[in-house]
Amino acid sequence: MAEKDDFSQWYLDLVYKAELADESPVRGCMVIRPYGYALWENMQRAMDARIKATGHENAYFPLFIPGGFLEREAEHVEGFAPEVAVVTRAGGEELTEPLVVRPTSETVIGHLYAKWVQSYRDLPLLYNQWCNVVRWEKRTRPFLRTSEFLWQEGHTVHRTEEEAEAETLLILNDVYQDFFLKELAIPGIPGLKSESQKFPGALRTYTIESLMGDGKALQSATSHNLGQNFARSFDIQFQDADGVVKHAWTTSWGASTRMIGGLIMVHGDSSGLRMPPRVAPVQAVIVPIWRKEEERAAVAEAVGKVEAALRAAGIRVKSDWREERPGFKYNDWELRGVPVRLEIGPRDAQNGQVVLVPRTDRAAKETVSQDGVARRVQEVLETIHTTLFEQALAFRKSRTYQVSSYDEFREILADRARMGFIEAWWCGDGACEAEIKAETQATIRCLPLEHPEGAGTCVHCGRAAGVWAIFAKAY
RNA sequence: CGGGGUGUAGCGCAGCUGGUCAGCGCGCAUGGUUUGGGACCAUGAGGUCGCCGGUUCGAAUCCGGCCACCCCGACCA
């Protein structure tokens, strides 16, 4: 595996060697292998629970969208047209109207919502779907940017602007940010996107931005207040209590398999992946060790007992009986990021013990009794979650800079070893933002929800500035 | 779409001034010795040398065309 100083190669090696994914015969697409898919399923389960806990229901809308639908919202079509895949031929003949493979489903869903919404009594409509989408990307990387990816997209309809805005923020905070903190151990920063970076067709876009191990930012989830734009384009109207027919307010929000890329780049180290325990496909692996056949029998008995105890405690456990040497297995499971390793050899079998090694700190190896091992593993899993989070937070802080001069801004972004989030005042002018991008390749990642009061001068143009922004180079 | 590069075994590569050039490492299979931090020995399986055409007695090797992929840039809510 490449060393971490060649970060993009390190990332690719890790994805393939840990067997999360493989290349596909179609350029830009990706095969998610069982280990990667198990991770995705765990993430889905945790995310889905939050989506439902906040009052949403799952549904499913079609893969194909009538070509004309995208065009109904001007900004939307402009934003997505270049990356849309279109089916022009099917059933052995040319289609009278080409079908777009969904890049996102605002339009089809809008079409149906127009039908389903009649009265203010029908609102709010709170639906979500888990599906695949296609966006033809020129440059792809597994998980981070693929032509087809898996995600969830929520689409809601509300009676008022305030309600829609509250929904957008509820998702951002109670679903996404909570998920990042509690499941992935990633300290993301919730914030508002600038005009140039918002979703095509949205009024406002909120985002969770997280900092990767190489100092670049990753947009990890987004939540959009669509205003009445799509309601107007698709005639989503309702008769309000006052008898007046009004356009509804809609939102949409999504999080994708890209989060897996984020998880890798935030937590991975030179030995490989480090899975956050709560979503890890395997939380504890048991490596049996023996020399002679008679030892094997005793070890097997202890392994069986420990495995059963862990399973009974709800821990996802696997024992590795492959015909390989222990050292090979240690490295292999470290590469795959399994949080806890349990070693059981003849001595341990004899003494009723197991050796427990946390992935985050090999030196913290400890010997525990077989009777208490399930409880101890649970504790260690919690500790590992906290450790991962704290390490990621410490890294983010060490790579976050508040600058007052543009020279300093440029210096930091030009230095691979220091690159990260730059916080500064910004005048709010899109032209100024574009110049910064042209000169430094950095973009405004977000206008963080938590920011200093007051005002200053724009880090680029020096004019009076009332907006606190986070800049970074991004994936 | 612009600039550069690469296509030879599952993966990574050597061979490329035409003639023992079908090879190496890893991986894989079989047998044995091993096993508390990436084992070793032996045997073996596996390739239309990206594709098409040309030059030649003879092409992985030279020439032409095509295709694919990679890197840098542009693009990327």
Side-chain angles (χ1 to χ4, degrees), chain A residues 1-2 6 8-9 12-13 16-17 22-28 70 73 75-84 103-106 133 135-141 144-147 149 151 153 192-207 209 218-226 229 252-256 258 271-272 286-293 295-296 299 320-336 341-351 353-357 362-363 365 367 437-438 441 443-446 473-475:
Chain A
M1 194 169 78
D6 184 354
S8 65
Q9 193 59 50
L12 280 175
D13 286 354
Y16 296 133
K17 290 190 176 166
D22 205 348
E23 290 161 339
S24 98
V26 178
R27 184 189 143 68
L70 281 195
E73 214 289 336
E75 274 185 37
H76 194 67
V77 66
E78 195 185 325
F80 282 109
E83 46 189 300
V84 156
T104 178
S105 304
E106 275 74 8
V133 289
R135 299 180 188 180
W136 219 252
E137 299 288 353
K138 293 196 173 151
R139 230 170 141 167
T140 58
R141 312 184 66 183
L144 297 175
R145 174 169 284 110
T146 48
S147 291
F149 56 88
W151 76 344
E153 48 177 324
L192 181 67
K193 280 289 183 189
S194 64
E195 277 298 299
S196 72
Q197 300 271 329
K198 75 176 190 188
F199 179 78
L203 192 63
R204 274 186 290 279
T205 289
Y206 293 94
T207 178
E209 293 288 321
L218 185 73
Q219 175 176 302
S220 305
T222 48
S223 181
H224 319 288
N225 182 337
L226 301 175
N229 294 338
S252 70
W253 26 277
S256 72
R258 170 184 263 195
S271 302
I286 303 173
V287 177
I289 300 157
W290 76 95
R291 290 167 188 268
K292 305 164 193 164
E293 272 310 302
E295 288 177 341
R296 184 186 160 122
V299 167
D320 183 358
W321 283 102
R322 285 178 298 174
E323 293 292 331
E324 296 286 353
R325 295 158 71 95
F328 175 89
K329 295 178 185 176
Y330 297 166
N331 284 286
D332 194 44
W333 292 110
E334 281 170 13
L335 173 68
R336 288 174 160 74
R341 177 174 79 236
L342 300 172
E343 306 169 10
I344 302 181
R347 284 201 302 273
D348 306 306
Q350 180 84 42
N351 300 335
Q353 298 174 333
V354 326
V355 173
L356 187 161
V357 186
R362 269 195 248 169
K365 180 188 283 204
T367 302
K437 185 182 178 185
Q441 294 168 30
T443 49
I444 292 180
R445 301 320 305 159
C446 72
K473 290 189 186 175
Y475 274 97

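Throughout, protein chains are lettered first and strands after them, A, B, ... in sequence-line order, and every chain is numbered starting at 1.
Backbone-only contact: A:Q197 has heavy atoms under 4.0 Å from sugar-phosphate atoms and none from a base. Among the heavy atoms of the strands, none lies under 4.0 Å from A:R322. Counting any heavy atom pair closer than 4.0 Å across all strands shown, A:P82 reaches no nucleic acid atom. Across all strands shown, A:V355 has heavy atoms under 4.0 Å from base atoms, whether or not it also approaches the sugar-phosphate. Among the heavy atoms of the strands lying under 4.0 Å from A:E137 are primed sugar atoms or P, OP1, OP2 only; no base atom is included. Residue A:G79 is classed as having no contact, given no heavy-atom separation below 4.0 Å to the nucleic acid.
When the ring pair (Phe, Tyr, Trp, His ring centres under 6.0 Å) test is applied to A:F199, the partners found at least two apart in sequence or on another chain are A:H76, A:F80, A:H224. The ring pair (Phe, Tyr, Trp, His ring centres under 6.0 Å) test applied to A:W321 returns A:W290, not counting sequence neighbours. For A:N229, the side chain to side chain contact (heavy atoms under 4.5 Å, CB included) criterion is met by A:E73, A:R232, not counting sequence neighbours. The side chain to side chain donor-acceptor pair (under 3.5 Å) search around A:E137 returns none, not counting sequence neighbours. For A:S256, the side chain to side chain contact (heavy atoms under 4.5 Å, CB included) test picks out A:F149, A:W151, A:R258, with sequence neighbours left out.
Judged by Watson-Crick or G-U wobble contacts below 3.5 Å, the nucleotide B:rG58 has no partner. If you check B:rA39 for Watson-Crick or wobble pairing at under 3.5 angstrom, you find it paired to B:rU33. B:rU17 is unpaired under the Watson-Crick or G-U wobble criterion, no partner having all donor-acceptor distances under 3.5 Å.
Rounded to an integer number of Å, the gap from A:K365 NZ to B:rG37 C1' is 8 Å. Rounded to whole Å, atom C1' of B:rG37 lies 14 Å from atom CG of A:D320. Atoms CG (A:D22) and C1' (B:rG10) sit 11 Å apart, rounded to a whole Å. In this entry the distance linking OH of A:Y475 with P of B:rC75 reads 19 Å, nearest Å.
Remark: A:R341 is positioned above the aromatic ring of A:Y330, its terminal NZ or CZ atom under 6.0 angstrom from the ring centre and at most 45 degrees off the axis.
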(message) Let's go through A:Q353 and A:R347 carefully: what are the C-alpha distance in whole Å and the side-chain angles of both, what is the deciding distance for side chain to side chain contact (heavy atoms under 4.5 Å, CB included) to 0.1 Å, and is it a yes or a no?
(response) CA-CA 8 Å; A:Q353 298 174 333; A:R347 284 201 302 273; over 6 Å; no
For nucleotides 29-35 of chain B, tabulate all protein N/O to nucleotide N/O atom pairs closer than 3.5 Å, reporting atom names and distance.
| residue | atom | partner | partner atom | Å |
| --- | --- | --- | --- | --- |
| B:rU34 | O2' | A:R325 | NH1 | 3.3 |
| B:rU34 | O2 | A:R325 | NH1 | 3.4 |
| B:rU35 | OP1 | A:R291 | NH1 | 2.8 |
| B:rU35 | O2' | A:W290 | O | 3.4 |

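Side-chain atoms of A:D348 come within donor-acceptor range of the base of B:rG36, with a qualifying N/O pair under 3.5 Å. Donor-acceptor pairing under 3.5 Å, judged by distance alone, is present between the side chain of A:E334 and the base of B:rG37.
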